[in-house]
Amino acid sequence: MASGTLVIGESTEDGKLNPVVPELIGIGSRLGGPVTVALLGSGVEGVAQEAGAFGASKVFVIDDAILKDYQGDSYVPIAERIAKEVNPAVILMGQTMMGRDLAPRLAQRLGTAVAMDCVNFEMQGDKLIAERPCYGGSARARYTINGMPQIATVRAKAQEPAERDDSREAEVVKQPAGVGEGDVRTRIVERRKEKAEGVRLEDAKVVVSGGRGLGGPEGFKPLEEMADVLGGAVGASRAVCDLGWYPVANQVGLTGKVVTPDLYIAVGISGASQHMAGISSVKNIVAINKDPDASIFKSSRWAVVGDWKEIVSGFTEKVRQLKASG
Amino acid sequence: MKTAHSCCCRAAFDALRSGRNGVSSQDCGKISGCYTTARDETRAGGAGNGDLRDQPHRSSLLIVFPDQGDRSCSQFRVDEAAKKVLPAPGIQPVPSQFDTIGVEAALRIKDKQPDTVITVLSLGPDSFRDTIKHCLAMGADEGVHINDPAVNGADHWATAEVLAAAIKKLEPFDLIIAGRQAVDWDMGIVGSTIAEILGIPVVTIAKDIQHNDGRVTVERVLLDGFETVEAPTPAVVTVSNELGEPRYPQLRQIMMAAKKEVKPWTLGDIGISAPEKRITLEALFVPETKVETEFIEGDTPQEKGEKLATRLREAKLI
Ligand SMILES: Cc1cc2nc3c(=O)[nH]c(=O)nc-3n(C[C@H](O)[C@H](O)[C@H](O)COP(=O)(O)OP(=O)(O)OC[C@H]3O[C@@H](n4cnc5c(N)ncnc54)[C@H](O)[C@@H]3O)c2cc1C
């Protein structure tokens with residue numbers, strides 16, 4: 001009988017446990033049954049016990065140079081093999097670059113289905129109910145998967161991570177990759193980082209985002225200044241990324257990044273549902289918009305109606321004063 | 001009323017392909033050795049179509065498949081009982097943006113290799129014919145529309161299985177280009193699933209596609225940058241909006257498109273029966289969000305900005 005949860009884990013580029021993994025373990029634990037984690041990568045062995053501390057009872061470690069970069073052709077067959085060995089009722093992974101690519105392919109190999117980018121889960125008997133935002137985040141859909149195992153990818157920061165308890169220990173099972181160069185049909189020729197300077201959007205406590213209302217790429221200068229004073233990061237709407245006003249790496253929303261700052265300031269952004277999908281768990285949204293009926297105001301805790309330029313300059317100046325006076 | 005929004009059935013697919021009638025993959029040069037299947041009668045028939053194939057030097061064969069959704073998804077209401085989203089009155093389904101981006105990606109390859117034949121393959125109800133026509137007006141060469149009540153409301157896997165079976169009938173091909181994700185329902189699944197069924201490589205979330213001599217070179221969008229990946233063809237590539245704006249059909253092209261053929265296919269024509277569904281939509285609803293909005297007032301914009309700062313300081317957010 002299929003039971004428990006298999007989490008396909010991953011590490012960050014600097015060799016740490018990806019923060020989504022404790023979230024996945026947390027979900028698995030709440031669903032009931034044991035949580036097994038599979039860690040695929042190069043140099044991932046070191047974080048196996050960390051997965052144990054977050055509550056995994058068993059950790060499969062497949063540590064091989066061939067797994068250094070995610071490639072479907074090497075990861076999919078390994079995930080398939082472990083899934084068959086573990087025989088879980090549920091398989092979870094993050095809606096990360098890996099999860100987006102791996103989950104649908106794994107589902108097809110296992111003859112089952114996957115619900116992508118889910119934010120909420122519930123177990124009814126052995127049926128997983130997976131909830132995902134759709135229609136650009138304005139509606140929610142609940143799915144069940146007809147076969148086994150039931151696969152889902154999970155949006156980062158949608159759920160609380162499991163508690164860390166270093167006294168817990170997982171059984172660690174090392175396995176060879178079992179795939180060779182010849183199995184990988186794709187080849188990574190080059191990888192370029194478009195590294196945003198300063199605070200990472202995903203980690204920022206304050207995010208200041210600009211939209212088409214800024215009127216041009218030069219509009220981002222004052223926003224960068226504002227973010228700087230606040231110790232935050234700058235985001236952008238898709239409209240401005242498409243126009244080339246700001247790097248795509250800074251796009252917030254459905255097809256960009258999901259951010260979870262304590263404070264989100266949207267300047268000249270209309271509040272399209274696809275944009276809001278990137279800030280759905282932000283509690284404090286400030287919107288600056290000249291249109292009093294802009295839909296972003298509906299989700300905003302604070303609203304300022306008017307031309308953004310002077311509002312922003314007044315704001316930044318005042319924040320400087322406040323910070324200077326402690 | 002059966003709307004185009006009934007869940008996952010809205011996969012419209014574009015196909016790009018080439019290859020002369022009766023020419024083996026070897027002759028074509030750009031077609032992988034294992035795809036030597038000669039065209040079947042269904043394809044050989046049809047005026048416009050036959051003409052295209054009979055010209056010499058048609059080598060690369062590419063397939064694109066988009067998924068149809070409506071762009072105006074901010075205007076809709078949810079019928080929770082029927083588990084359906086109904087468009088606001090007057091909203092017509094248009095090709096979803098990512099999918100016309102798929103056609104755009106194919107056309108950019110054709111711009112460089114004019115002998116490329118682009119076939120649009122789509123699965124969906126009657127209204128999808130217009131979507132295919134739009135793709136033809138953009139510059140695709142021919143269309144195949146799988147329209148069968150047996151797959152109304154098909155999920156992603158049923159959609160992928162039907163399309164994969166249709167693609168096998170359309171072989172040989174070099175590339176299948178798929179939209180990254182339908183505006184709402186396709187979870188980015190169909191392209192990868194087709195690749196798995198066909199046993200060919202897949203490269204997801206492309207912003208640039210170069211196709212040369214049995215290889216495809218794809219620039220992928222990562223969360224913090226880009227990655228260039230190479231794969232042998234035939235392969236599936238799913239595209240992303242970073243590729244750029246799809247071109248808009250010119251009047252002359254719209255008129256030319258009227259002459260291009262859209263073949264109607266049923267499951268019988270493909271020779272399969274309706275695949276089983278693997279996923280069930282249990283509920284669809286609008287989540288409740290209640291936010292008390294405080295409008296910051298002031299005599300000048302400058303003053304409003306200052307007051308905002310003060311309020312945020314009081315709330316200990318800055
Ligand atoms: C499948 C799909 C995925 C998408 N994914 C994303 C995504 O990930 N992220 C995203 O952001 N969008 C996404 N979009 C696009 C989204 O639908 C909107 O088109 C986009 O968010 C609009 O960007 P905007 O708010 O900057 O521009 P607009 O909608 O044009 O809004 C500009 C705003 O600026 C205001 N304004 C104008 N001048 C001034 C001024 N002087 N002072 C103050 N305010 C001013 C206007 O009142 C208006 O509200 C997606 C769309 C689709 C179909």
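Numbers restart at 1 for each chain; the letters A, B, ... are given by sequence-line order, proteins then strands.
With contacts defined as side-chain heavy-atom distances shorter than 4.5 Å, the pair B/Pro301/A/Ile311 qualifies. Between B/Arg278 and A/Gln108 there is a side-chain heavy-atom pair separated by less than 4.5 Å. For the pair A/Tyr143 and B/Thr280, the minimum side-chain heavy-atom distance is 4.5 Å or more. Looking at A/Lys318 and B/Arg313, their side chains never come closer than 4.5 Å, going by heavy atoms from C-beta outward. Two residues are said to be in side-chain contact when any heavy atoms from C-beta on lie closer than 4.5 Å; B/Phe226 and A/Glu190 fail this criterion. B/Trp157 places a side-chain heavy atom less than 4.5 Å from the side chain of A/Val114.
Neither the backbone nor the side chain of A/Val184 comes within contact range of chain B; no heavy atom of the residue lies under 4.5 Å from a heavy atom of that chain. For A/Ile188, the parts lying under 4.5 angstrom from a heavy atom of chain B are both the backbone and the side chain. Contacts of A/Gln321 with chain B are absent, with no heavy-atom separation under 4.5 Å from either backbone or side chain. Within the 4.5 angstrom heavy-atom criterion, atoms from both the backbone and the side chain of A/Val319 approach chain B. At a 4.5 Å heavy-atom cutoff, the contact between B/Ala315 and chain A is made by side-chain atoms alone.
The most heavy-atom pairs under 4.5 Å with chain B, out of A/Thr112, A/Leu230, A/Ile288, come from A/Thr112. When each of B/Gly298, B/Ala235, B/Gly305 is checked for heavy-atom pairs under 4.5 Å with chain A, B/Gly305 comes out on top. Here A/Arg301 is the residue among A/Arg301, A/Glu202, A/Lys309 with the most heavy-atom pairs under 4.5 Å with chain B. Residue with the most contacts toward chain B among A/Glu310, A/Lys205, A/Arg140: A/Arg140 (heavy-atom pairs, distance under 4.5 Å). When the candidates A/Ala130, A/Ala103, A/Ser300 are compared by the number of heavy-atom contacts under 4.5 Å with chain B, A/Ser300 comes out ahead. Interface summary for chain A: among B/Gly244, B/Pro287, B/Ala231, the most heavy-atom pairs under 4.5 angstrom belong to B/Pro287. By number of non-hydrogen pairs under 4.5 angstrom with chain B, the leading residue of A/Gln71, A/Lys323, A/Arg109 is A/Arg109. The most heavy-atom pairs under 4.5 Å with chain B, out of A/Gly231, A/Gly111, A/Ala107, come from A/Gly111. When B/Thr310, B/Thr293, B/Ile296 are compared by the number of non-hydrogen pairs under 4.5 Å with chain A, B/Thr293 comes out ahead.
Classification of A/Arg191 and B/Glu227 as a salt-bridged pair holds, one side-chain N sitting under 4.0 Å from a carboxylate O. One finds no salt bridge joining A/Arg185 and B/Glu230 here, because no Lys/Arg side-chain nitrogen approaches an Asp/Glu carboxylate oxygen to under 4.0 Å.
Taken from CG in A/Asp101 to OG1 in B/Thr204, the straight-line distance is 4.0 Å, to the nearest 0.5 Å. Atom CG of A/Leu106 and atom OG of B/Ser192 lie 11.5 Å apart (nearest 0.5 Å). To the nearest 0.5 Å, the span separating CG on A/Asp242 from CG on B/Leu243 amounts to 11.0 Å. Between atom CZ of residue A/Arg187 and atom OG1 of residue B/Thr228 there is a gap of 10.0 Å, rounded to the nearest 0.5 Å.
By the neighbour-count criterion of 12 heavy atoms within 6.0 Å, atom CD of B/Glu80 is densely surrounded, having more than that number from other residues, nucleotides or ligands. Residue A/Lys283 places its NZ atom among 12 or fewer non-hydrogen atoms of other residues, nucleotides or ligands, all under 6.0 Å distant.
When all heavy atoms of B/Leu312 and A/Ile265 are compared, the closest pair comes out as CD1-CD1, 4.5 Å. Between A/Leu322 and B/Ala309, the closest heavy-atom pair is CD1-O, 3.8 Å. Considering all non-hydrogen atoms of both residues, B/Val221 and A/Met97 come closest at O-CE, 3.2 Å.
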Let's go through A/Phe297 and B/Phe295 carefully: what are the C-alpha distance in whole Å and the side-chain angles of both, what is the deciding distance for side-chain contact (heavy atoms from CB on, under 4.5 Å) to 0.1 Å, and is it a yes or a no? CA-CA 9 Å; A/Phe297 288 143; B/Phe295 281 85; 4.2 Å; yes
Please evaluate residues B/Val229 and A/Val189 with respect to the criterion side-chain contact (heavy atoms from CB on, under 4.5 Å), reporting the C-alpha separation (whole Å), side-chain torsions for both, the decisive distance (0.1 Å), and the verdict. CA-CA 6 Å; B/Val229 175; A/Val189 183; over 6 Å; no
Starting from the C-alpha separation in whole Å, work towards a yes-or-no answer on side-chain contact (heavy atoms from CB on, under 4.5 Å) for A/Val248 and B/Lys207. CA-CA 11 Å; A/Val248 171; B/Lys207 90 180 258 280; over 6 Å; no
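Sorted by first and then second residue, the salt bridge (Lys or Arg N to Asp or Glu O under 4.0 Å) pairs with a member in residues 295-311 of chain B read B/Glu294-B/Arg311, B/Glu303-B/Lys307, B/Arg311-B/Glu314; sequence neighbours excluded.
Looking only at distances, a side-chain donor or acceptor of A/Asn146 sits under 3.5 Å from a matching main-chain atom of B/Lys277.
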